[in-house]
Participant: 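First the structure, then my questions, so here it is.
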Amino acid sequence: MSFNCRFAPSPTGPLHIGGVRTALFNWLLAKKNKGKYFLRIEDTDKERSKDQFKKQIISSLAWLGIQHDGEEYIQSKKISEHISIAEELLEKGFAYKCYCTEEEINDQKEKCKKQGIPYVYNRKWRDAKDLKIPESVKPVIRFKSKISGNTIIKDLVQGERTISNSTIEDFIILRKDKSPTYQLSATVDDHEMKITHVIRGDDHMINSFKQKQIYDAMGWDVPNFAHIPLIHSEQGKKLSKRDNASTLEDYIKIGIIADALRNYLLRLGWSYKDKEIFTKQESIDLFDLNGVGKSPSKLDMSRIYSINETYIKTINEKDLFHFLKEYISKYKTAIDQSKETVLLKSMNFLKNKAKTLEDIWNNAQYIINDKIKIGVDDKKLIDDLSKKVINDFINEYEKISSLSRETLEPIIKSLIDKHKTNFKGVGQPLRIALVGSRFGPGLYDVILSLDKSDVLKRLKSIL
RNA sequence: GGUCCCAUCGUCUAACGGUUAGGACAGGUGGUUUUCAAUCACCUAAUCGGGGUUCGAUUCCCCGUGGGACCGCCA
């Protein structure tokens with residue numbers, strides 16, 4: 001059996017984290033089964049579709065490492081084919097022209113609302129031999145939905161789903177301006193693209209029942225459906241654009257790395273035993289629809305940070321540095337080559353205190369900025385004794401010919417003895433002078449990462 | 001309101017009729033440490049309620065309760 005999957009977003013806004021997960025699941029299923037994964041841009045809403053969003057969707061997915069097979073499929077280019085299918089359905093008697101005006105429909109909806117009964121289009125023109133066709137009204141084409149019986153979909157995630165056909169109205173497939181609606185376009189395209197597995201959000205369940213009827217009418221094979229539960233906000237509602245941190249961009253901005261987010265999204269709604277960390281290859285090998293749960297899951301920021309931290313500490317430092325550089329070039333100010341060299345050498349300890357790339361950036365500020373800023377509270381900690389300590393350190397430090405942890409350690413120890421204090425009494429003033437804060441990387445790491453002249457300059461300037 | 005659906009620690013989830021209900025994140029306590037972090041050890045914490053079926057229900061069925069999705073000439 002062949003596996004053709006697709007992700008079909010509409011470019012009407014930035015790519016949503018829920019959409020990203022849908023794309024991931026489609027990609028995973030295709031890759032696992034040696035099938036194809038396609039990207040289809042559903043841009044038939046001319047008003048709201050924007051080219052910038054199309055680009056953003058493609059680059060976001062690329063960032064995550066989800067590469068689609070072939071060219072992206074642009075739905076708007078296929079409109080004439082969609083229209084001809086609508087006409088075919090009309091000819092074969094599976095669809096009909098409806099001359100109701102929008103006002104007429106709205107009136108009916110109003111009435112139903114007042115009476116508290118559910119609105120269903122009254123099928124006025126479904127079998128309207130006796131009705132006079134109004135000259136002034138441009139018709140829409142409606143699909144003749146089944147009136148009785150049930151439709152069953154064997155959903156790969158949800159199991160067997162049944163709906164009473166009477167609850168599905170005669171939905172519109174061609175608008176009065178002759179443009180196809182989603183129900184038609186998506187169905188025709190999925191058929192044209194030979195899609196075998198449609199993985200999409202649970203909010204599409206009803207659409208699958210409608211679309212199945214189009215497949216049946218055309219005599220086409222119905223694809224397998226898998227409706228995955230939605231991702232909820234912390235408030236427990238379907239994620240909307242108003243929720244913060246709901247677009248991919250928001251996570252990239254705070255310094256989440258792609259593999260970590262991919263791993264997080266993978267485990268949101270899917271699981272494999274007790275395993276938490278999956279390489280990309282493992283996720284392909286182990287993924288299957290049986291592992292997808294049925295209930296919606298909430299976004300958990302602390303989990304994202306935690307997985308990101310795991311990745312930051314696990315991946316090799318060269319790769320990490322590469323990600324950091326990419327991050328800096330996008331969101332921070334550029335740094336020069338010599339600083340980059342120091343940074344690369346310092347990754348091994350800068351990363352230890354970081355949950356995100358932004359944390360690494362912050363930890364590295366004392367390297368990046370020649371002029372360090374000392375906080376007010378930290379400045380207060382520099383008393384006369386501190387200055388004596390710093391001064392003593394300078395004298396000893398200047399004498400050292402080869403700098404290393406081994407040569408530095410005896411100096412610190414002797415200063416602790418001399419001033420009858422503890423490590424904090426010596427380390428804190430030095431760290432403040434060097435980093436600008438009493439918090440920071442390990443003292444030896446700091447001293448060794450800076451040039452000798454730089455260390456002296458910083459220490460002297462505080463005296 | 002109508003239709004469809006979901007329900008295990010705060011969160012993500014494991015246990016596909018038999019476990020002291022497991023893991024991870026978060027939270028807490030303690031050890032270590034060079035500040036902050038990290039790390040190590042330990043702890044707290046869940047089967048929504050009620051009925052069945054069964055020798056035995058987290059698991060199967062029914063009814064409540066709670067939550068969600070959909071109800072566009074948007075996709």
Side-chain angles (χ1 to χ4, degrees), chain A residues 8-13 42-45 47-49 75 98 100-102 105-106 109 112-113 115-120 138-142 155 158-159 161-164 166-169 171-183 185-186 200-207 209 227 229-230 232 234 236-238 264 267-277 290-291 293-307 309-310 313 349 351-355 359 363 378 381 412 422-424 426-428 430-432 435 437-446:
Chain A
S10 61
T12 54
E42 304 213 326
D43 58 345
T44 52
D45 184 338
E47 302 273 301
R48 297 195 300 148
S49 292
Q75 190 164 62
C98 164
C100 289
T101 60
E102 285 175 68
I105 299 288
N106 286 339
K109 284 185 184 171
C112 287
K113 209 173 178 184
Q115 292 173 40
I117 52 172
Y119 164 78
V120 185
K138 287 179 184 160
V140 298
I141 295 181
R142 285 181 185 270
D155 190 283
Q158 308 288 337
R161 285 288 132 97
T162 308
I163 200 170
S164 165
S166 61
T167 63
I168 301 175
E169 68 166 2
F171 53 93
I172 294 170
I173 55 176
L174 217 60
R175 302 185 185 97
K176 70 177 174 200
D177 67 358
K178 303 252 194 247
S179 65
T181 63
Y182 166 75
Q183 305 295 359
S185 295
R200 61 198 348 179
D202 209 7
D203 50 345
H204 279 286
M205 196 70 220
I206 187 73
N207 294 329
F209 287 110
H227 291 89
L230 301 175
H232 281 176
E234 314 230 342
K237 304 268 190 225
K238 180 181 172 180
Y264 172 75
R267 278 288 285 98
L268 197 61
W270 178 84
S271 63
Y272 177 78
K273 299 181 182 171
D274 278 345
K275 197 168 165 59
E276 299 287 351
I277 302 297
N290 290 337
K294 286 183 174 185
S295 47
S297 34
K298 277 183 194 156
L299 226 37
D300 182 3
M301 245 357 255
S302 65
R303 187 55 156 274
I304 296 176
Y305 281 123
S306 167
I307 293 182
E309 186 178 10
T310 302
K313 288 182 179 160
F349 66 88
K351 72 174 183 180
N352 283 337
K353 295 163 175 287
K355 280 184 154 62
D359 289 344
N363 291 340
D378 295 310
L381 294 170
I412 302 293
N422 52 15
F423 187 92
K424 195 179 173 189
V426 175
Q428 186 165 276
L430 288 173
R431 187 182 286 107
I432 291 172
V435 178
S437 163
R438 61 189 183 281
F439 309 126
L443 187 61
Y444 297 118
D445 286 330
V446 170

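Letters go in sequence order (proteins before strands), and every chain restarts at 1.
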Participant: Hey, could you give me the NZ/CZ distance between A:Lys298 and A:Arg303, rounded to the nearest 0.5 Å?
Facilitator: 14.5 Å
Participant: If a protein heavy atom is under 4.0 Å from the base, mark B; if only from the sugar-phosphate, S; if neither, -; do that for nucleotides 19-32 of chain B going 5' to 3'.
Facilitator: ---BBBSS------
Participant: With rounding to whole Å, what would you report as the distance between B:U20 and B:C60 at their C1' atoms?
Facilitator: 25 Å
Participant: For B:U33, give the paired nucleotide (Watson-Crick: N1-N3 plus N6-O4 or O6-N4; G-U: N1-O2 and O6-N3; both under 3.5 Å), or none.
Facilitator: none
Participant: Choose from B:U11, B:A69, B:A7 the nucleotide whose nearest atom is closest to any side-chain atom of A:Lys298.
Facilitator: B:U11
Participant: Can you tell me if the side-chain N/O atoms of A:Thr12 get under 4.0 Å from OP1 or OP2 in B:A75?
Facilitator: no
Participant: With a 4.0 Å limit, can you tell me whether A:Thr44 has a side-chain N or O closer than that to the phosphate oxygens OP1/OP2 of B:A75?
Facilitator: yes
Participant: Are any protein N/O atoms closer than 3.5 Å to N/O atoms in nucleotides 57-68 of chain B? If there are, list each pair with its distance.
Facilitator:
{"from": "B:G68", "atom 1": "OP1", "to": "A:Lys237", "atom 2": "NZ", "distance (Å)": "2.2"}
{"from": "B:G68", "atom 1": "O2'", "to": "A:His232", "atom 2": "NE2", "distance (Å)": "3.2"}

Participant: In the structure shown, which nucleotide is the Watson-Crick or G-U wobble counterpart of B:U65, with both distances under 3.5 Å?
Facilitator: B:A7
Participant: May A:His204 be described as stacking on the base of B:A75, applying a 5.5 Å centroid limit and a 30° limit on plane angle?
Facilitator: yes
Participant: Heavy atoms from C-beta onward define the side chain here; which of B:A75, B:C73, B:C4 lies closest to that of A:Arg161?
Facilitator: B:C4
Participant: Using purine N1 to pyrimidine N3 plus N6-O4 or O6-N4 for Watson-Crick, or N1-O2 and O6-N3 for G-U wobble, each under 3.5 Å, what pairs with B:C71?
Facilitator: B:G1
Participant: With both distances kept under 3.5 Å, what pairs with B:U53, Watson-Crick or G-U wobble?
Facilitator: none
Participant: Within this structure, what is the CD-to-C1' distance between A:Gln158 and B:A69, rounded to whole angstrom?
Facilitator: 10 Å
Participant: Can you name the residues that form a salt bridge (charged side-chain N to carboxylate O under 4.0 Å, His left out) with A:Glu102, not counting sequence neighbours?
Facilitator: A:Lys176
Participant: Let's test this: given Watson-Crick or G-U wobble pairing with both distances under 3.5 Å, identify the partner of B:G27.
Facilitator: B:C43
Participant: Nearest to the A:Ile206 side chain among B:U13, B:C4, B:C70, which nucleotide is it?
Facilitator: B:C70
Participant: In terms of side-chain heavy atoms of A:Lys109, which of B:G72, B:A75, B:U35 is nearest?
Facilitator: B:G72
Participant: Walk me through it: do A:Ile412 and A:Leu430 pass the test side-chain contact (heavy atoms from CB on, under 4.5 Å)?
Facilitator: CA-CA 10 Å; A:Ile412 302 293; A:Leu430 288 173; 3.9 Å; yes
Participant: Could you pull out all residues at least two apart from A:Asp45 that satisfy salt bridge (charged side-chain N to carboxylate O under 4.0 Å, His left out)?
Facilitator: A:Arg48
Participant: With the side chain of A:Ser295 defined as its heavy atoms from C-beta on, choose the nearest nucleotide among B:C12, B:A7, B:A75.
Facilitator: B:A7
Participant: Out of A:His204, A:Glu42, A:Gln75, which residue meets the side-chain hydrogen bond (donor to acceptor under 3.5 Å, both in side chains) rule with A:Tyr182?
Facilitator: A:His204
Participant: Provide the Watson-Crick or G-U wobble partner of B:U59, both distances under 3.5 Å; none if there is no partner.
Facilitator: none
Participant: How many Å lie between CD on A:Glu234 and P on B:U11, as a whole number?
Facilitator: 11 Å
Participant: Looking at A:Thr167, does any N or O in its side chain come under 4.0 Å of the phosphate oxygens OP1/OP2 on B:C71?
Facilitator: no
Participant: Could you list the residues that satisfy ring pair (Phe, Tyr, Trp, His ring centres under 6.0 Å) with A:Tyr305, not counting sequence neighbours?
Facilitator: none
Participant: Quick one: look up who B:U19 pairs with, Watson-Crick or G-U, both distances under 3.5 Å, and put none if it's unpaired.
Facilitator: none
Participant: Can you list everything that forms a side chain to side chain donor-acceptor pair (under 3.5 Å) with A:Lys313? Sequence neighbours excluded, please.
Facilitator: A:Glu309
Participant: Roughly how far apart, to the nearest Å, are B:G31 and B:C12 at atom C1'?
Facilitator: 30 Å
Participant: What's the gap between B:U19 and B:A75 when it is taken at their C1' atoms, as a whole Å value?
Facilitator: 47 Å
Participant: Taking atom C1' in both B:A7 and B:U13, compute the distance separating them and give it to the nearest angstrom.
Facilitator: 14 Å
